[in-house]
Amino acid sequence: MDLYFRRPEEFRRRYNCSFLTDDEWWNRGKPNPILGIVTMVVGLIQVVPYIPCLIVIARSKLLGFAAYKLMFYVGLSDVSCLLINSVANGILTYIGATPCPYIDYKYILGTVGIATWASQSVSVVLLALNRCIELWKPRYLLAVFDGRRTYFWIIGTLIYSSYFIIFSPGMVFSSIGYAWYFDPYLELLDKSDYSPQEVRTVLGILFLTLLGKYFDLYTNKVFIVHNSIIVVSLPLLYGLLIGTLCVKGGMTKAGNRIQKLITVQSFFICIFTLVTACTYLYMQFFPVAEAVSIAANFAWQFSNGAPALMYLIMNSTIRRGVKELILRTKSQESSYTLPSHAGVSPNFTPPRNSIGLMNLSL
């Protein structure tokens, strides 16, 4: 947004819609009403159960645990992301939108989408790190998420994601691939006329292609570094988490149950975020088939919506709380407390760095 508000002349130079008339831009779009409706419906199906899950977490003693503070923040980021990759994507796909006309609105919307993606993906990594620390209990890291310190991590994530809104180049939607791209002219014009870095070598040498694209006018270098870190850190942390659970949880039947359920939950939360990061990272360097870009958007959706489904399937406390919330069995004026069958007293105060969190998360 720094480019848009403080350097409007440079913004107009980079995002110039005068190459074509408005009608010519619209004619290059590919309206897809069916895909647009499916995109919106799939997203809304994931948003609807997420909201009561967040309400239950916020009203319960679960927020006393560092991991649930992070989960609540992940949920807020997820819902924000779903509004972009589901509702906005669905509408733009339905009408067959291209970057132009109205590039300003799409640029602002894309910038918000990048920031929410950065917030969500970083918080997922923090959640994995928190769970690993609670299992390993290393002396020098044991207290980093203790008490209110978790909020400092969340504030840091907010500051980090704010960078993408203020200083990072934005993305624009194109129905050519039904996805978001940093380059507004992708596959629409002969870019050799205005961007020498886009000219590929005759031999198509991989290194020169990557190098040229990295220094391209529209490439978001911070986004590339961010997604690269996500691609490396998520498999590493969740792999260590699952491996640790296999070792520590395999001694008892309760441990086996925790091991299986956490493995499934971690896999789904991790895999969709990982696929999204990998695909969008690849798309910044190489053209992809339309089916791949569509799959990347659905992976982005599921990376945001999967946690709510996992909570309802695997977390009996949240599942019962959502049921009670929907059925209005409790007074709206009273705050939600954990049911007695959850095995936690309503007056229970979570211990510092308690590994008991693993039982509550199922």
Side-chain angles (χ1 to χ4, degrees), residues 34-58 62 67-94 109-110 112-128 131 157 161 171 173 178-180 227 230 234 238 261-280 292-319 321-323 325-326 361-362:
I34 295 178
L35 179 60
I37 293 174
V38 170
T39 300
M40 286 187 283
V41 170
V42 170
L44 291 175
I45 288 175
Q46 297 176 87
V47 169
V48 170
Y50 218 142
I51 294 175
C53 287
L54 293 178
I55 293 175
V56 169
I57 293 175
L62 294 174
Y68 276 97
K69 292 185 179 74
L70 292 172
M71 287 180 185
F72 184 78
Y73 178 74
V74 169
L76 295 178
S77 300
D78 284 335
V79 172
S80 300
C81 272
L82 285 168
L83 295 178
I84 301 294
N85 59 33
S86 300
V87 179
N89 263 40
I91 295 174
L92 295 173
T93 297
Y94 187 98
L109 198 61
V112 174
I114 296 173
T116 54
W117 158 252
S119 175
Q120 182 264 348
S121 52
V122 167
S123 54
V124 168
V125 172
L126 287 177
L127 181 58
R131 288 180 174 181
T157 302
S161 59
M171 304 178 85
F173 182 87
Y178 303 110
W180 296 83
N227 275 21
I230 297 299
L234 272 181
Y238 275 107
L261 293 178
I262 285 291
T263 298
V264 175
Q265 182 176 359
S266 300
F267 174 79
F268 279 106
I269 292 177
C270 170
I271 193 65
F272 290 116
T273 301
L274 181 62
V275 169
T276 304
C278 289
T279 308
Y280 267 90
V292 175
S293 60
I294 293 174
N297 186 67
F298 280 113
W300 185 11
Q301 285 186 334
F302 287 121
S303 73
N304 301 135
L309 300 178
M310 293 301 103
Y311 296 154
L312 293 176
I313 293 173
M314 299 182 179
N315 192 313
S316 60
T317 299
I318 294 179
R319 185 169 60 249
V322 170
K323 183 179 179 180
L325 186 66
I326 295 175
S361 66
L362 299 175

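Values reported hereafter were calculated over all heavy atoms of this structure, with side chains retained and with hydrogens, waters and symmetry mates removed. What you see is a predicted model, and the numbers here were worked out from it, not measured in a lab. Heads up: numbering here begins at 1 and tracks the sequence.
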| said: To check you understand the geometry: which heavy-atom pair defines the closest contact between L70 and L126, and what is its length? | reply: CD1-O, 3.8 Å
| query | Does the side chain of V125 come within less than 4.5 Å of L234's, by heavy atoms? | reply | yes
| query | Got a sec, which residues hit side-chain contact (heavy atoms from CB on, under 4.5 Å) with S80, two or more places apart in sequence or on another chain? | reply | T116
| message | Applying side-chain contact (heavy atoms from CB on, under 4.5 Å) to F173 and I84, what does each step give before you reach the verdict? | response | CA-CA 11 Å; F173 182 87; I84 301 294; over 6 Å; no
| said: For a quick test of reading the model, state the closest non-hydrogen atom pair linking A67 to L127 and the distance between them. | reply: O-CD1, 3.6 Å
| Just how far is it from atom CG of L312 to atom CD1 of I318, taken to the nearest 0.5 Å? | 8.0 Å
| Which pair of non-hydrogen atoms, one from N85 and one from L82, has the smallest distance, and what is that distance? | OD1-CA, 3.2 Å
| task | For A128, enumerate each residue passing the side-chain contact (heavy atoms from CB on, under 4.5 Å) test, keeping only those at least two apart in sequence or located in another chain. | result | L237, Y238
| said: Would you compute the distance between atom CG of N297 and atom OG1 of T276 and round it to the nearest 0.5 angstrom? | reply: 8.5 Å
| Minimum heavy-atom distance between G321 and V56, given as atom pair plus value | C-CG2, 3.5 Å
| request: List the atom of S303, the atom of P307, and the distance in Å for their closest heavy-atom pair. | output: O-CD, 3.7 Å
Return all side-chain donor-acceptor pairs below 3.5 angstrom for residues 34-54, not counting sequence neighbours, or 'none' if the list is empty.
| from | atom 1 | to | atom 2 | distance (Å) |
| --- | --- | --- | --- | --- |
| T39 | OG1 | L35 | O | 2.7 |
| Q46 | NE2 | V42 | O | 3.2 |
| Y50 | OH | D78 | OD2 | 2.6 |

| task | Check the pair Y280 / M171 against side-chain contact (heavy atoms from CB on, under 4.5 Å), numbers first and verdict last. | result | CA-CA 12 Å; Y280 267 90; M171 304 178 85; 4.0 Å; yes
| said: Please find the pair of heavy atoms, one from Q120 and one from C81, that lie closest to each other, and give the distance. | reply: CB-SG, 4.4 Å
| said: If I take atom OG from residue S121 and atom CG from residue N304, how far apart are they, to the nearest 0.5 angstrom? | reply: 9.5 Å
| Any side-chain heavy atom of K69 within less than 4.5 Å of one from F72? | no
| message | Using side-chain contact (heavy atoms from CB on, under 4.5 Å), reason through Y311 and T317 one step at a time and then give a plain yes or no. | response | CA-CA 9 Å; Y311 296 154; T317 299; over 6 Å; no
| task | Nearest 0.5 Å please: distance from the CH2 atom of W300 over to the CH2 atom of W180. | result | 7.5 Å
| message | How long is the straight-line distance from CG of L274 back to OG1 of T279, given to the nearest 0.5 Å? | response | 9.0 Å
